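Heads up: the structure comes next, in structure tokens.
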Amino acid sequence: MMKKVSQCLTILVLTMFCSFAFAQSTVSGTIIGSDMNQPLPGVNVIEKGTSNGSATNFDGQFIINTKSATGELVLSFVGYTSKTIAFSGDMDLGKIMMDPSEVGLQEVQIIASVAVDRKTPVAVSTIRASEIELKLGSQEFPEILKSTPGVYVTKTGGGFGDGEIRLRGFNSENVAVMINGVPVNDMENGRVYWSNWAGLGDVTSSMQVQRGLGASKVAVPSIGGTINIISKTTDVEEGGNFYTTLGNDGFKKFGVTYSTGLMDNGLAVTVSGSKTDGDGYVDGTPFNAISYFLNVSKEINDKHKIALTAFGAKQTHGQRQNPYLVETFRESESGRKYNSDWGYKDGQFTSVEDNFYHKPQISLNHYWNISQASSLSTAAYVSVGSGGGGGFSGVNKFRFDDDEYRIGNLGTVDFDKIVSENETAGVEGSESILRASRNDHIWYGVLSTFKTDLTDDLVLLTGLDLRGYEGFHFTEVTDLLGGQYFSDASDVNNPNNQAQVGDKILYDNDGKVGWLGGFVQAEYDIQENFNAFVSVSASNTSYQRVDRFLYLDSDPLQESDVYNFFAYGAKGGANYRLDDRNNVFFNLGYFERAPFFNSIFANRNNTDVNGDAPNQRITSFEVGYGHRAEKLSANINLYHTTWKDRTEFASFQAQDGTRNFANILGVNALHMGVELDFNYRVSSTFSVTGMASIGDWRWQNNVEDVIIFDEENNAVGDPINLFIEDLHVGNAAQTTFGLGTIYKLTPKTTFTIDYLYNGDIYADYDPSNRTTKRPDAFKLPDFGLFDSAIRHGFKFGSLDAELTGRINNIFDTEFIADARDGAESDVFTTRVFYGFGRTFSLGAKLNF
């Protein structure tokens, strides 16, 4: 009897095993994105109804052993519409196309010059929406790039939106930033103010850093590289979400997004809005922002699509404008959070230094498929900015070390005492007031790119870039601090101005900038293994200044002449795919860039005009190697960038009170280095990422016998010399190293931990001030930081939900992030900004 039972059990087990074995199938395939016709790495492949899954490798390939002989596979990837494919038995599904989940995304990428992996011959790193959402939290938007080779990001003073990014040692003036292909660098000074784009992280589809020459064709010539931000367009499928984030120091954010999906009439609409506020990590830096985004897309027919996009953020935040000595931070009760630029007036919080701005940007894009071989993509845009930054005028009673107007040692500003003194002054007016330096503007432009296939392998692109800009600069009274008026004699048309709140003081002028650019580019593309391009471009930048305070209304000098600066450039490169896994590339280029507005009108008047300022000249060369295998993706590149005739204009006051100036030529710098990044997929649930960047950025030469001119352009005095040869360029980490892990604890739970090391950072300094021989600027202590994030998805009723927690600077490391070189280039005379200590945030999102 027992023998028969044993035999039956054996047969049953064998039958079950055979059934299980025969029920399994091996299914493979390659997933391609239809928008760029490129493999998609990291696509989730799940056997429907199970937790059995796999993911595509770096070539878009996957293999999955299914639990059933027949069934369906569900393919999902951020930014693409999910797809379900049936299988039966062992199958090779071949190439599977996945379509973008956003209408018009492909067309936006054409205007924005998005680089394609293993095709565009540039060093590039791409951050997608899923990673931004996971890691950003309460950080500054550019901080999402801090683990990218060659990038150094700081919060500077620590105010909301005051972060800065430096790329290969070049600051924001020398890094082109584009949103959907539209340049956002200030037309007058080239800077980027990230506070203008609060909330952009909520609606970013992808963020791409193109280091060096980049793939952009007609945008602002970039020395360090290009940051290419692609916003959401509008979703193909209907849906939306609610989200909230809470964090340290009162950080609160609430938002909602809704998309109609692509409707039968070809119309699709997405709208998003959020509110953010908090107390700020640094003392006296509270903030609030209202952010919004709208995209309306319409497929008119097979040949024409249009899309209207509008976004912006109305924000205000307290600032810490002044760096301090290390000794000052240590003496303060607040330590590294210390800020002297605020206090209480009649019990109400009051900032000495703050920022307020609203810069909505509206663009209308038209995409025209002229024929199977030709297309025309055009974007017309307008941006109207309003706002500025706070400060004081009159007697300086706001010094951090002036105990007479401080409550306690290194305490807050005693506003009530200042108010009392102004009230006592009576008809004499206020001695000290608060004011705002306004920088309103209107900016409009058109970008248009025509693309045609001359042959199967040769593509021709031509385009125009037309921009107009007018900035309105003035100072207005914001608070009389108890007085009856503020006496100001700056306006020659009203020399006895007794200014009230809202009245203009100190200056009132306009800056007018025009830009006309064009390009021609040829691309040679053999799909199997070779891509190459050559591009030439030219532009004319015009500047004009209007001053209503320094010149009478009847004076023709109130409006300056128009000064034009022609520049051109040429670049080319090639990418060769050695085989399915390895590729090499190179690029080289030369371009000129017009000097900035303030270099032409350096003395801020219409008389001492530096109309002969030379163009800056940049030469860049780069080579790189890429490897793509099933588990390992890696890139390494070497770059060499020479920056000649950097715009330097020194101004001096003569003994008789007139101004002398020197147009300094021959200030040259060399930036070279090596960069490495990799991604190693240990398993389908565990990956390791890493990067390293080693740079050597120095000023190349001393500049001798710089001639000083008077206001009538006559040579005066003895020539001066600049002693900068072989000094390190300051203000960025020349050595960086990063290592991170991504681990899927469960199919719905992702955990990350990242380490970032920054070293060889020299304090910032102005090379035109190095008129005596001095050593290198102060070298900041190296530092390393750990960050971590975890996300868990779950069902909330019938809806999908997720929780995300983040901790930045886990070990509360104390470090100096920014510094201004002192008289002795040491820790005792250098003024610094400390970086943030430990911060955290917790976010929740509910999809519907």
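Note that these values count all heavy atoms, side chains included, but never hydrogens, waters or copies made by symmetry. For this chain, numbers begin at 1 and follow the sequence in order. Computed from a predicted structure; not experimentally measured.
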With side-chain contact (heavy atoms from CB on, under 4.5 Å) as the criterion, how do F811 and F786 come out once you've worked through the C-alpha distance, each side chain's angles and the decisive distance to 0.1 Å? CA-CA 7 Å; F811 299 107; F786 284 90; 3.5 Å; yes
Is it the case that over 12 heavy atoms from other parts of the model lie below 6.0 angstrom from the CD atom of E423? yes
Output yes when K252 and D277 qualify as a salt bridge under the 4.0 Å nitrogen-oxygen rule, no when they do not. yes
Decide, yes or no, whether a salt bridge links R438 with E476 under the criterion of side-chain N to carboxylate O below 4.0 Å. yes
With salt bridge (charged side-chain N to carboxylate O under 4.0 Å, His left out) as the test, would you mind laying out the steps for R698 and E725 before giving the verdict? CA-CA 8 Å; R698 299 172 185 259; E725 183 177 1; over 6 Å; no
Can a salt bridge be assigned to the pair D283 and R336 using a cut-off of 4.0 Å between side-chain N and carboxylate O? no
Partners of D764 by salt bridge (charged side-chain N to carboxylate O under 4.0 Å, His left out), sequence neighbours excluded? none
Step by step, would you call F329 with Y834 a ring pair (Phe, Tyr, Trp, His ring centres under 6.0 Å)? CA-CA 9 Å; F329 282 105; Y834 278 94; 5.0 Å; yes
Are the charged groups of D821 and K779 less than 4.0 angstrom apart, N to O? no
How are the rings of F783 and F815 set relative to one another: parallel (under 30°), tilted (30 to 60°) or perpendicular (over 60°)? parallel
Check the pair F472 / H441 against ring pair (Phe, Tyr, Trp, His ring centres under 6.0 Å), numbers first and verdict last. CA-CA 6 Å; F472 311 102; H441 70 255; 8.6 Å; no
Between S340 and Y324, a side-chain donor and acceptor under 3.5 Å: yes
Does the structure place the NZ or CZ of K337 under 6.0 Å from the centre of the six-membered ring of Y281, at an angle of no more than 45° from the ring's axis? yes
Any cation-pi pair here, K397 with F392, using under 6.0 Å and within 45°? no
Charged N to carboxylate O below 4.0 Å: is that the case for R166 and E164? yes
Which residues pass the salt bridge (charged side-chain N to carboxylate O under 4.0 Å, His left out) test with E188, sequence neighbours left out? none
Non-hydrogen side-chain atoms of D787 and I807 separated by less than 4.5 Å: no
Charged tip of K275 within 45° of F254 ring normal and under 6.0 Å: no
Beyond-backbone contact of N439 with D186, side-chain heavy atoms, under 4.5 angstrom: yes
R399 with D402: basic N within carboxylate O range, under 4.0 Å: yes
Would you say the side chain of T328 lies within less than 4.5 Å of the side chain of Y338, judging by non-hydrogen atoms? yes
Can you spot which of T244, D202, T276 makes a side-chain hydrogen bond (donor to acceptor under 3.5 Å, both in side chains) with K253? D202
Can you confirm whether or not the ring centre of W643 sits under 6.0 Å from the ring centre of F170? yes
Between E143, Q139, E140, which is the residue that forms a side-chain hydrogen bond (donor to acceptor under 3.5 Å, both in side chains) with K155? E143
